[in-house]
Every structure is written in structure tokens, then in C-alpha cells.
Amino acid sequence: MDELISVIVATYNREDALDAVLRSLSRQTDKQFEVVVADDGSRAATAQLVASWTSRMPVSLKHVWHEDRGFRLAEIRNRAIRASAGGYCIFLDGDCIAWPGFVAAHRGLAEPGYFVSGNRALLSRALSERILAGGLDPECWGIGRFLAHRWQGDVNRVTPMVRLPLGPLRKVRARRWRGAHGSNMAFFRDDLDRVDGFDASFTGWGREDSDLFVRLIRSGVRRKDGRFATGVLHLWHPESERSQLPDNQAKLDLALRSDRWRALQGLSALDGTSRHRTDNM
């Protein structure tokens, strides 16, 4: 797969974590990609941070922002898709640090007719604070250091940092959407267009990624496991406010009972109210 890849990084008012994520993306061995920051209404400091990376990022860097009207992750991801230039889209949360071979690993797993769901290792609050305050670069650590942190209770598991060729085992859950993670996932742009992207009727935390997985599988796209290849490091943060989760679960339940694979409020419903800045083109 030799197409340009768009790495879409979702963020909201967390400049310290985004800085670490952008640093990790600047160190990728695969340079045939762009970065699109999908900003769900952050303050001006986030735009300033992205602009500060203009001269340091070795690939194109774009910043897509819309007004802060609550948690609208699905919609800002759609806006980032619309602004992207790649034929393949990797979605990464703005608090997930990528190892230097992350983009190359996703490229190696890309296969027409499949989307890829990766995994993550959760870092403790103490280790996350040391990383962000001390300028540490865990994306460059070896497995021995992760084992030491696991022993100390600062990492919940080390398997996301292990690289193994699983071959056909990557497709054993091809029709299962449960267990797929929205913080690290990849899709061909054509497949996203076919299902009209994320469903922006999901607002507040939760289930917008599950809805996309369900609709993709229903449309004929299958799941491929990215474990032991694309694992990332998830920085600690307080649990998100989840008051709208029951409503989102009800929307997902309704989608599961239907035969629909197009989003109710997807890419085709976007207006022009976002701001789009391109740096380092």
C-alpha cells in the first residue's frame, strides 16, 4: 500500500499530551503521511502549539477546528476526514503516543476490504506526569524499560509494545465489532466515504466508534487485528464525563437492530463552520 496516509489526531484542551503525540509522529520511520489535528473546540493555546510544530514536523501538518459546543468527536473527525488528502486514514487519540514504526506498521497491515483496530497500553498517572513534565520520550524505550515500569505498576500491560507477525490470526475476529478500540484504528478513505463517515448524531462520550465499526462490517468491510504491531501508549487522564452515554447506547442499539450502513449525520451533512489551517505543506 503506497498511498499517502492521513494520521488524524483528536484533541481537546490538552496541549501537553498533544505535544508528546506530535513529537512521536515527527519520529516516524515512514514519511509518506500527513498529520491532521482534529480539534473539538480547544482554546487558542492548542492552535499555538500546532503552529509551533510547523518547522519541526517533517510531513504536512493541518489543524481543523470547530466551535466548542460540547463533546462532538464524531463531527470533528468527519471534518478532519474532509480536510485530509490520504487514501488511508489512521485515527489516533491526542493522548496516545506512537512508537517510531507506528505508521509503517499500519501501512503493512492495510488491505482492501479490511479496517484495522489497534490496541494500547495504559500508563499510570504518576508515569504520565513524569513523561509530560520531564520531556521523556517513551516512544523510544525498549521492552526492558516497559517491563520495569510494569513491575512498578506504572503500565497496565506490555503486550501492546511487543511486535509479532500473527498472519491469518489477525482475521479471526473479522465480523466482530466488540473489543475494537476507537483510540487507534485505520480505514481506507473509500470505505469511510461509502458509509458516510462517523455519525455526528452521537454527541458526548461513547459509542460513536462502535457505531462506525457496526456499519462498516454491515457494508462488507471486515476487521483486522492490529495487536502486536500498532500498539500505542495511552497517557493517563481523568475519566471523561459520561452523562450522555445512555442516549448514545440507545442510538447504537437502534443501529444494531437496523440494516443501515450509512451515517444518519455523516460526512455529507457537514457545513462550512470549521476552520482549517495547513502548516508545513
Side-chain angles (χ1 to χ4, degrees), residues 5-31 33-65 73 76-77 80 90-106 118-143 145-146 148-150 152 154-158 160-161 181-186 226 230-240 279-280:
I5 290 176
S6 297
V7 180
I8 296 175
V9 181
T11 193
Y12 176 72
N13 282 340
R14 199 177 180 196
E15 294 82 17
D16 55 354
L18 180 61
D19 187 51
V21 173
L22 292 177
R23 181 196 65 223
S24 72
L25 292 175
S26 75
R27 293 174 166 172
Q28 294 298 300
T29 57
D30 185 321
K31 305 297 184 186
F33 73 100
E34 65 174 359
V35 179
V36 184
V37 176
D39 186 345
D40 193 19
S42 298
R43 57 198 165 218
T46 294
Q48 294 165 3
L49 173 69
V50 176
S52 76
W53 271 98
T54 300
S55 61
R56 293 179 285 165
M57 186 66 67
V59 299
S60 172
L61 175 62
K62 301 173 182 176
H63 181 210
V64 180
W65 177 95
L73 178 59
I76 195 58
R77 279 176 165 168
I90 301 171
F91 292 86
L92 183 66
D93 279 359
D95 51 15
C96 289
I97 297 174
W99 69 290
F102 173 76
V103 173
H106 266 293
N119 62 345
R120 61 190 180 177
L122 303 179
L123 307 185
S124 70
R125 179 175 185 173
L127 180 56
S128 297
E129 290 175 348
R130 291 201 300 273
I131 288 169
L132 297 177
L136 303 179
D137 51 359
E139 65 269 22
C140 298
W141 294 352
I143 190 65
R145 191 161 181 180
F146 282 111
H149 282 295
R150 178 72 181 94
Q152 295 164 7
D154 283 325
V155 181
N156 73 324
R157 53 183 177 172
V158 297
M161 300 299 102
H181 291 287
S183 58
N184 175 9
M185 54 187 177
T230 66
V232 295
L233 300 169
H234 188 186
L235 295 162
W236 178 90
H237 60 79
E239 185 174 275
S240 300
D279 298 300
N280 197 26

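Treat the numbers as computed from the prediction; the structure is a model and nothing was measured. Both backbone and side-chain heavy atoms feed into the values below; hydrogens, waters and symmetry mates do not.
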Engineer: Ala10 and Arg77: which non-hydrogen atoms are nearest, and at how many Å?
Structural biologist: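 Residues Ala10 and Arg77, closest heavy atoms: CB-NE, 4.4 Å.
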Engineer: Verify side chain to side chain contact (heavy atoms under 4.5 Å, CB included) between His181 and Met185, making sure each step is shown before the conclusion.
Structural biologist: CA-CA 7 Å; His181 291 287; Met185 54 187 177; over 6 Å; no
Engineer: Can you pull out every salt bridge (charged side-chain N to carboxylate O under 4.0 Å, His left out) where at least one residue sits in residues 127-136? Sequence neighbours excluded, please.
Structural biologist: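 Residue pairs passing salt bridge (charged side-chain N to carboxylate O under 4.0 Å, His left out), neighbours aside: Arg125-Glu129, Arg130-Asp154.
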Engineer: Which heavy-atom pair separates Leu73 from Asp40 by the least distance, and what is that distance?
Structural biologist: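 The answer is N-OD2, 3.8 Å.
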Engineer: After noting the C-alpha distance and the side-chain angles of Leu18 and Val50, does the key distance pass the side chain to side chain contact (heavy atoms under 4.5 Å, CB included) rule?
Structural biologist: CA-CA 9 Å; Leu18 180 61; Val50 176; 4.2 Å; yes
Engineer: What residues form a side-chain contact (heavy atoms from CB on, under 4.5 Å) with Ala80, not counting sequence neighbours?
Structural biologist: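 In terms of side-chain contact (heavy atoms from CB on, under 4.5 Å), with neighbours along the sequence ignored, Ala80 is linked to Ile8, Val36, Ala38.
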Engineer: Is the backbone N or O of Arg120 less than 3.5 Å from a side-chain atom of Asn184, with the two atoms forming a donor-acceptor pair by type?
Structural biologist: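 No, because the side chain of Asn184 does not come within donor-acceptor range (under 3.5 Å) of the backbone of Arg120.
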Engineer: With sequence neighbours excluded, tell me which residues meet side-chain hydrogen bond (donor to acceptor under 3.5 Å, both in side chains) with Ser42.
Structural biologist: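 Ser42 satisfies side-chain hydrogen bond (donor to acceptor under 3.5 Å, both in side chains) with Asp39 only.
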Engineer: With a 4.5 Å cut-off on side-chain heavy atoms, are Tyr12 and Thr46 touching?
Structural biologist: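 Side chain of Thr46 against side chain of Tyr12, heavy atoms only: no contact under 4.5 Å found.
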Engineer: So, using side-chain contact (heavy atoms from CB on, under 4.5 Å) as the criterion, who are the partners of Asp137 when residues are at least two apart?
Structural biologist: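 Scan of Asp137 (side-chain contact (heavy atoms from CB on, under 4.5 Å), adjacent residues dropped) gives Arg23, Arg27, Glu139, Cys140, Trp141.
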Engineer: Which heavy-atom pair separates Leu61 from Leu22 by the least distance, and what is that distance?
Structural biologist: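 Scanning both residues, the minimum pair turns out to be CD1-CD2, 4.4 Å.
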Engineer: Which word best sums up how the rings of Phe102 and His106 line up, parallel for under 30°, tilted for 30 to 60°, or perpendicular for over 60°?
Structural biologist: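 The arrangement is perpendicular - the two ring planes meet at more than 60°.
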Engineer: For Asp30, enumerate each residue passing the side-chain contact (heavy atoms from CB on, under 4.5 Å) test, keeping only those at least two apart in sequence or located in another chain.
Structural biologist: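 Counting only residues at least two positions away or on another chain, Asp30 forms a side-chain contact (heavy atoms from CB on, under 4.5 Å) with Gln32, Val103, Ala104, Arg107.
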Engineer: Going by side-chain contact (heavy atoms from CB on, under 4.5 Å), name the residues that satisfy it together with Ala17, two or more places apart in sequence or in a different chain.
Structural biologist: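 Applying side-chain contact (heavy atoms from CB on, under 4.5 Å) to Ala17 gives Arg14, Asp95, Leu235.
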